[in-house]
Amino acid sequence: TQSTWGKSRSLMARVMNTVQNPIVAALGPAFADLPNALQKLHSGTDVRRYSGRTVVRHGPSVIARILLRLGGFPPQGSGLPLRFTITPDAQGEAWARAFDGHVTQSRLRAGRAGQVVERFGPFH
């Protein structure tokens, strides 16, 4: 049978050959070193949907609050229901997070070597 390491490398090769996944592109061969749960989260060419509960906390400064608002981030809260959708495409991925009905959207794309660029709100 194929080792876990071999399966991870095989999965990584399939992902890299099918879409421009920004996480895979940034990590390169190191992607195979991620835990399986993270590899599954960041792999695939189909839309992926997740749900659960989360805590949202903001920074204390006025500037942080302004940037969070401009970025479309949700209000603070604990135990908030979360729906998270990742939609891959040729340019990267669209991420939509619904925190108790408040939707925050962003785009991820590969940046310079080893980097991922994520844009939010009006910076999208």
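Being a predicted model, the structure only gives us computed values, none of them experimental.
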- Heavy-atom side-chain proximity of Q91 to R109 below 4.5 angstrom: no
- Residue pairs meeting ring pair (Phe, Tyr, Trp, His ring centres under 6.0 Å), one or both in residues 43-80, sequence neighbours left out, come to F73-F120
- Evaluate the side-chain proximity of T85 to W95: yes if any heavy-atom separation is below 4.5 Å, no if none is. no
- Message: Within this structure, what is the CZ-CG distance for the pair F31 and D33, rounded to the nearest 0.5 Å?
- Response: 10.5 Å
- Over all heavy atoms of both residues, which pair between Q39 and L34 is shortest? Give the atoms and the distance, please. NE2-O, 2.9 Å
- Message: Applying side chain to side chain contact (heavy atoms under 4.5 Å, CB included) to I23 and L108, what does each step give before you reach the verdict?
- Response: CA-CA 9 Å; I23 306 297; L108 274 76; 4.3 Å; yes
- Task: Please report the C-alpha distance between H102 and R97 in whole Å, then the side-chain angles of each, then the deciding distance to 0.1 Å, and finally whether the side chain to side chain contact (heavy atoms under 4.5 Å, CB included) criterion is met.
- Result: CA-CA 8 Å; H102 181 98; R97 304 160 189 89; over 6 Å; no
- Message: When you measure from the side chain of Q105 to the backbone of A94, do you find a donor-acceptor pair of N or O atoms at a distance under 3.5 Å?
- Response: no
- Message: Rounded to the nearest 0.5 Å, what separates atom CG in D100 from atom OG1 in T54?
- Response: 11.5 Å
- Query: At what distance, to the nearest 0.5 angstrom, does OG of S106 lie from CD of E118?
  - Reply: 3.5 Å
- Task: Report yes if some heavy atom in the side chain of D89 is under 4.5 Å from a heavy atom in the side chain of R107; otherwise report no.
- Result: yes
- Item | L67 side, atom CG; S61 side, atom OG - distance, nearest 0.5 Å | 8.0 Å
- Look at the side-chain heavy atoms of Ile, Leu, Val, Met, Phe, Trp and Tyr, link any pair under 4.5 Å apart, and say whether L70 and V62 land in one connected group. yes
- Note on the structure: residues 44-54 vs salt bridge (charged side-chain N to carboxylate O under 4.0 Å, His left out), sequence neighbours excluded, gives R48-E93
- Item | Exercise: identify the closest heavy-atom pair between P88 and G44 | CG-O, 3.8 Å
- Item | Minimum-distance pair of heavy atoms, taken over all atoms of G92 and P22 | CA-CD, 4.1 Å
- Task: Give, for atom CG of L38 and atom CG of L27, the distance between the pair rounded to the nearest 0.5 Å.
- Result: 10.0 Å
- Nearest 0.5 Å please: distance from the OG1 atom of T104 over to the CG atom of L82. 9.5 Å
- Item | Residues in side chain to side chain donor-acceptor pair (under 3.5 Å) contact with Q115, at least two apart in sequence or another chain | none
